[in-house]
Amino acid sequence: MSRLAKGRLPKQSEDFPSWYVEVVKQAGMAEHGLAKGTMIIKPHGYAVWEYIQRALDDRFKATGHANVYFPLFIPEKLLAREAEHVEGFAPELAVVTHGGGEVLEEPLVVRPTSEAIIWTTYGKWMQSYRDLPLLYNQWANVVRWEKRTRLFLRTTEFLWQEGHTAHATLDEAQEEVLRMLDVYREVAEDVCAVPVLAGRKTAAEKFAGADTTFTIEGLMRDGKALQCGTSHNLGQNFSKAYDVQFLNRDGEQEYAWGTSWGLSTRMVGGVIMTHGDDKGLRLPPAIAPVQVVVVPIYKSDDERSGILEVAGKMRDALAGNGVRVRLDDRDQHRPGFKFSEWELKGVPIRIEIGPRDVASDQVVCVDRVVGDKRQLATSEAIASMASLLDGVQRALYEQATAFREANTHEVSSYDDFTDGIEEQGGFWVGGWCGDPACEAKVTEDTKATIRLLPIEREDPGEACLVCGKPGLERATWGKAY
RNA sequence: CGGGAUGUGGCGCAGCUUGGUUAGCGCGCGGCGUUUGGGACGCCGAGGUCGCCGGUUCGAAUCCGGCCAUCCCGACCA
């Protein structure tokens with residue numbers, strides 16, 4: 001809000017970071033907490049998260065998972081058992097050393113993720129292959145002491161779900177990993193209208209403790225990539241670290257095969273940066289807390305009561321059809337103010353009802369995505385609202401997809417690549433020899449990273465973009481949040 | 001961790017260089033009235049230990065010292 005005219009946002013194209021922060025605040029999504037890097041999620045932001053939660057949770061249940069809850073605190077020693085895991089997370093742990101006014105004998109770590117506590121417990125829950133698979137998820141908060149934080153995108157404490165499963169075979173585990181990756185893809189694309197690429201992380205980018213990490217990656221409107229969700233094949237790393245064995249069909253003790261997968265409140269940031277424009281948020285109807293706002297327009301008190309009555313009927317009719325509708329009957333604001341405010345908050349469709357409309361039994365209907373104003377008969381507005389909302393949902397997805405396609409480039413020359421990614425951002429696809437040194441060189445030269453590789457390795461059919469040796473993988477590079 | 005800022009009613013800021021009596025302004029908030037088809041206006045009103053601690057001084061938002069906290073950029077980041 002500082003240095004800005006009243007109620008104005010910075011232009012997205014001129015200062016994306018400022019635009020983002022101001023949209024988050026002005027739209028009432030979130031604000032900074034008192035401790036560094038923490039976030040207060042406000043009603044509008046939390047409601048969006050709740051719709052994402054519900055979409056995920058329904059799919060988790062439909063794929064055979066149940067919810068559980070594990071404790072926030074983890075004995076420090078427990079975390080240390082998986083070497084790569086502890087090394088990966090050690091720098092960003094919050095550790096509790098005091099409790100009840102006394103120094104704790106053993107410090108407690110505030111979970112940065114729950115593999116340690118869950119795998120310790122899973123050992124008690126399985127005896128034989130008949131107990132498997134264990135298919136559990138938890139909705140929780142986790143804490144990672146990041147140096148650099150941003151509302152929704154990287155906060156010290158964040159909300160997420162973490163699925164943790166144990167299987168009798170590697171094949172089953174791998175199937176699970178890809179099944180949940182696809183759930184993420186579906187929720188991102190069909191619910192959040194955020195087109196994503198699904199793929200596999202390089203060794204350098206994978207989760208600390210996983211054999212393989214899979215990811216969905218979106219492309220934000222500033223040309224930077226956002227990792228929206230990850231699904232990990234843990235192999236037997238955690239079962240070995242926490243000694244989790246079961247008796248297999250052949251009567252032998254075997255370490256269980258694990259997966260974990262998570263999607264966080266970061267996704268809300270992804271929605272904001274994928275769809276938002278200079279006027280503010282544009283929320284996909286599937287996750288919009290308010291899908292339709294009805295704004296009454298009147299000049300006198302006499303008009304007011306009549307208009308509000310008609311507007312109230314419109315609200316009731318839409319609500320009766322299952323539409324999330326709000327009648328903005330605040331008398332202290334004029335229509336123009338309300339228009340701007342609801343646009344800022346990203347409401348997909350606005351209905352205006354004034355004296356002229358009442359006289360002719362129609363309403364003005366304005367679409368947040370295309371922005372066109374049209375007059376509809378009252379009955380038609382009610383009857384067609386579901387399809388109008390579908391249209392907005394589809395239009396957002398199509399616009400975002402078109403943006404990503406326009407900003408995805410096949411490249412074979414290293415100079416074209418480094419110049420291009422510097423100037424335009426976006427996804428750059430080319431060959432990679434598989435050598436971590438080449439991967440690191442790109443990051444050093446451009447700050448870009450390999451966002452993903454195909455789920456199954458593909459022959460790129462061309463040389464490594466960096467060193468010119470035969471390509472082993474088809475890599476997608478990008479600068480990321 | 002490096003660099004740059006900031007801390008003054010709910011929010012955004014000014015005042016500090018050059019110390020001085022009731023610490024201002026805009027927005028917002030409450031009341032009344034006029035307004036209402038793209039961010040209305042008038043009048044009245046409420047609201048502040050000037051981040052914290054100490055020092056200098058007759059007197060500190062202002063000068064000095066220390067501390068704390070947050071934000072931004074970067075490095076780091078499953």
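Source: prediction; values computed, not measured.
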Span that lies between the [atom1] atom of [M] and that of [N], in whole angstrom:
N	M	atom1	answer
B:C64	B:U56	C1'	7 Å
B:C71	B:G12	C1'	15 Å
B:C25	B:A14	P	16 Å
B:G3	B:G19	P	32 Å
B:G47	B:A5	P	37 Å
B:G2	B:A75	P	16 Å
B:C44	B:G15	C1'	27 Å
B:U6	B:G38	P	41 Å

Heavy atoms only, 4.0 Å cut-off, all strands: where does [X] land among base, sugar-phosphate and nothing?
X	result
A:W160	base
A:K36	sugar-phosphate
A:G229	nothing
A:Y481	nothing
A:G354	base
A:A35	sugar-phosphate
A:K201	nothing
A:T113	nothing
A:R350	base
A:P91	nothing
A:Q227	base
A:R356	base
A:V364	base

In whole Å, what is the span from the [atom1] atom of [X] to the [atom2] atom of [N]?
X	N	atom1	atom2	answer
A:F339	B:U36	CZ	P	14 Å
A:H32	B:A69	NE2	C1'	14 Å
A:K338	B:U36	NZ	C1'	9 Å
A:E341	B:C27	CD	P	18 Å
A:R150	B:A75	CZ	P	11 Å

Which nucleotide, [options], lies nearest any side-chain atom of [X]?
X	options	value
A:D331	B:U36, B:G39, B:C76	B:U36
A:D301	B:A75, B:U36, B:G38	B:U36
A:F337	B:G37, B:G39, B:C77	B:G39
A:E92	B:C77, B:G39, B:A75	B:C77
A:V21	B:G38, B:U36, B:C72	B:C72
A:K447	B:U35, B:G74, B:G38	B:G74

| said: So does A:E146 get a backbone contact from the side chain of A:R154, meaning a donor-acceptor N/O pair under 3.5 Å? | reply: no

We want to know whether [X] and [Y] form a side-chain donor-acceptor pair, criterion being a heavy-atom distance below 3.5 angstrom.
X	Y	value
A:N233	A:D211	no
A:Q12	A:D278	no
A:H232	A:E115	no
A:E162	A:S114	yes

| field | Geometric class of the A:F60/A:Y184 ring pair [parallel <30°, tilted 30-60°, perpendicular >60°] | value | perpendicular

| message | Is the ring pair A:W119/A:Y122 parallel, tilted or perpendicular, if the boundaries are 30 and 60 degrees? | response |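 Rings of A:W119 and A:Y122: perpendicular, over 60°.
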
| task | Respond yes when some side-chain nitrogen or oxygen of A:R334 is under 4.0 Å from OP1 or OP2 of B:A40, and no when none is. | result | yes

| query | Paired with B:C27: which nucleotide, if any, by Watson-Crick or G-U wobble criteria at under 3.5 Å for both distances? | reply | B:G10

| query | Looking at side-chain heavy atoms only, is the closest gap between A:D357 and A:Q375 below 4.5 Å? | reply |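 Touching, per the 4.5 Å side-chain cut-off.
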
| Looking at B:G38, does its base get a donor-acceptor pair with the side chain of A:E343 below 3.5 Å? |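 Side chain to base: pair present.
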
